There are 2 protein chains.
Amino acid sequence: MADTRGAISSEPTLEEQIAAYQREFQDLDPQVEKIVSALSRLNRRMNVAYGRQTAALGISNAEWEVLKALVLSGAPYRMGPSDLAKRLGLTPAAMTHRIDRMVAEGLVTRERDESNRVRVIVELTPEGREKWLEAMRLATVFEEDLLQDLSPEERTVLGEALTRLLRRVEHAQPDAGGRLTDLD
Amino acid sequence: MADTRGAISSEPTLEEQIAAYQREFQDLDPQVEKIVSALSRLNRRMNVAYGRQTAALGISNAEWEVLKALVLSGAPYRMGPSDLAKRLGLTPAAMTHRIDRMVAEGLVTRERDESNRVRVIVELTPEGREKWLEAMRLATVFEEDLLQDLSPEERTVLGEALTRLLRRVEHAQPDAGGRLTDLD
DNA sequence: TGTGTACTCTTTAGCATTGAAATTTATCTT
DNA sequence: AAGATAAATTTCAATGCTAAAGAGTACACA
């Protein structure tokens, strides 16, 4: 899991960091750098916060990711290990071990698919679903607090802008030189 | 390092995901969820892109992080291992090993501080600085492409909004229940 | 029916990370 | 000056990840 550790301290402020970049690299567009750096820092801080919350519930951030994927798949909350692995960006091997741990903790069950015995079905237990719900409640409180300074209009604009950026990275692939070129 | 792996595939669209969340969790504010999910996805995609670029230069994303921290510290590009560790959010132990590798590759040097022999000084080599510069050039091209759909005004608004969110997480600490409360 | 091929999951070996203990050097107290 | 305490780094054992090899099952096609 990415950058979930706590205490990010003695870090320069965003402004100091951008000033330092400009000193060392003249071609830098400070506006672009501000967006990119803020994005990355924000994400790191948020992951730390989520990590603290899930830890308080006795699960790891990694386990929460699995619970989320299963719930999002909809009732009856079943997925195969390789689907889960693709969804979370893990190798199937890592998924095997992660599921091992979660079965031992009673968050999911693992059984063979009787109609195709190559396949394995991972299914959320009621306990797993309950954990997800508790984590979800904490997460929404945190997220609402995070955004409390933004008016509904500002939220709309922000969501719109981020979605546009996301579409750009998702529908484009960097070429050999790293340039983003449209696929459609 | 966080979520730097490639191929994030067979993922539901952002819209599908939010619809699924609303089905499973009625209290969800779709506007908030849109922002938070887009942020997290965007960051993941960007890390994948950066990873591809640094890999093309023969360094890992982890090594790039160290190079960035050293350059940002300004000439003469020296830092102690524990400062680097704090800056990158790693344990000192991990820093020791990472520096080992980078010394072996000639990106940095490690020597004892003669004025206080407990301390160690990690210093960027000219080769390390050159690698940073190459990575920086690729990164700025990617970042400019990423933001190409946003007008200068939109960029300003976006940067401003993200900075505001960042200030909120940085100056606030979640309490036992996970609420963000101001420190100032 | 039998064999080849493809697919899914697990096992194995290697690597980066963490947390805790150990090591080395500096500083404080008397 | 001696001994205790503190600080910075490294060493060590355990964890979770990746990549690649292995095992088991289903399906196609002769």
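Quick caveat: nothing in here was measured; it's all calculated off a predicted structure. Here is the naming used below: chain letters follow the sequence lines, and residue numbers restart at 1 for every chain.
Rounded to whole angstrom, the span from the CD1 atom of B:Ile99 across to the P atom of C:dT17 amounts to 11 Å. Straight-line distance from the CD1 atom of B:Ile121 to the P atom of D:dA8: 14 Å, rounded to whole Å. Here the C1' atom of nucleotide C:dA16 and the CD atom of B:Glu65 are 15 Å apart, to the nearest Å. Following rounding to the nearest Å, B:Leu90 (CG) and D:dT15 (C1') show an atom-to-atom distance of 16 Å. In this structure, the CE atom of A:Met102 is 13 Å from the P atom of D:dG16, given to the nearest Å. In this structure, the CE atom of A:Met95 is 12 Å from the C1' atom of C:dC9, given to the nearest Å. As a whole-Å value, the separation of A:Leu84 CG from C:dT8 P is 14 Å. The CG-C1' distance, from A:Asn61 to C:dT18, rounds to 16 Å in whole Å.
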Tabulate atom names and distances for all N/O pairs under 3.5 angstrom spanning the protein and nucleotides 24-28 of chain C.
from: C:dA26; atom 1: OP1; to: B:Arg117; atom 2: N; distance (Å): 3.0

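Residue A:Thr96 is classed as a base contact, given a heavy-atom separation below 4.0 Å to a base. Residue-level contact check: A:Pro92 touches the bases, meaning some heavy atom is under 4.0 Å from a base atom.
Ranking D:dA19, C:dC9, D:dC12 by closeness to the B:His97 side chain, first place goes to D:dC12. Between D:dT10, D:dT18, C:dC9, one nucleotide has an atom nearer to the side chain of B:Pro81 than all others, and that is D:dT10.
A perpendicular orientation is assigned to the rings of B:Phe25 and A:Trp132, their planes being inclined by more than 60° (bins at 30° and 60°).
For the OP1/OP2 pair of D:dG16 and a distance below 4.0 Å, the side-chain nitrogens and oxygens of A:Arg101 include at least one atom meeting the criterion. Close to D:dT18, at under 4.0 Å from its OP1 or OP2, lies no side-chain N or O of A:Arg98. Taking only side-chain nitrogens and oxygens, B:Arg110 comes nearer than 4.0 Å to OP1 or OP2 of D:dT10. Regarding contacts with the backbone of C:dT17, every side-chain N or O of B:Thr91 stays at 4.0 angstrom or more from both OP1 and OP2.
B:Lys131 and B:Glu63 are not joined by a salt bridge, as no carboxylate oxygen comes within less than 4.0 angstrom of a charged side-chain nitrogen. Between A:Arg155 and A:Glu144 a salt bridge is recorded (basic side-chain N to carboxylate O distance below 4.0 Å). The existence of a salt bridge linking B:Asp145 and A:Arg168 is excluded, since no basic side-chain nitrogen approaches an acidic carboxylate oxygen closer than 4.0 Å.
Proximity of B:Leu150 to A:Leu165: side-chain heavy atoms (C-beta onward) are separated by under 4.5 Å at one or more points.
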Before giving the answer on side chain to side chain contact (heavy atoms under 4.5 Å, CB included), spell out for A:Arg87 and A:Glu65 the whole-Å C-alpha distance, their side-chain angles and the decisive distance to 0.1 Å. CA-CA 10 Å; A:Arg87 182 77 187 63; A:Glu65 294 291 329; over 6 Å; no

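Applying the side chain to side chain contact (heavy atoms under 4.5 Å, CB included) rule to B:Ala94 yields the partners B:Leu90, B:Thr91; only residues at least two apart in sequence or on another chain are considered.
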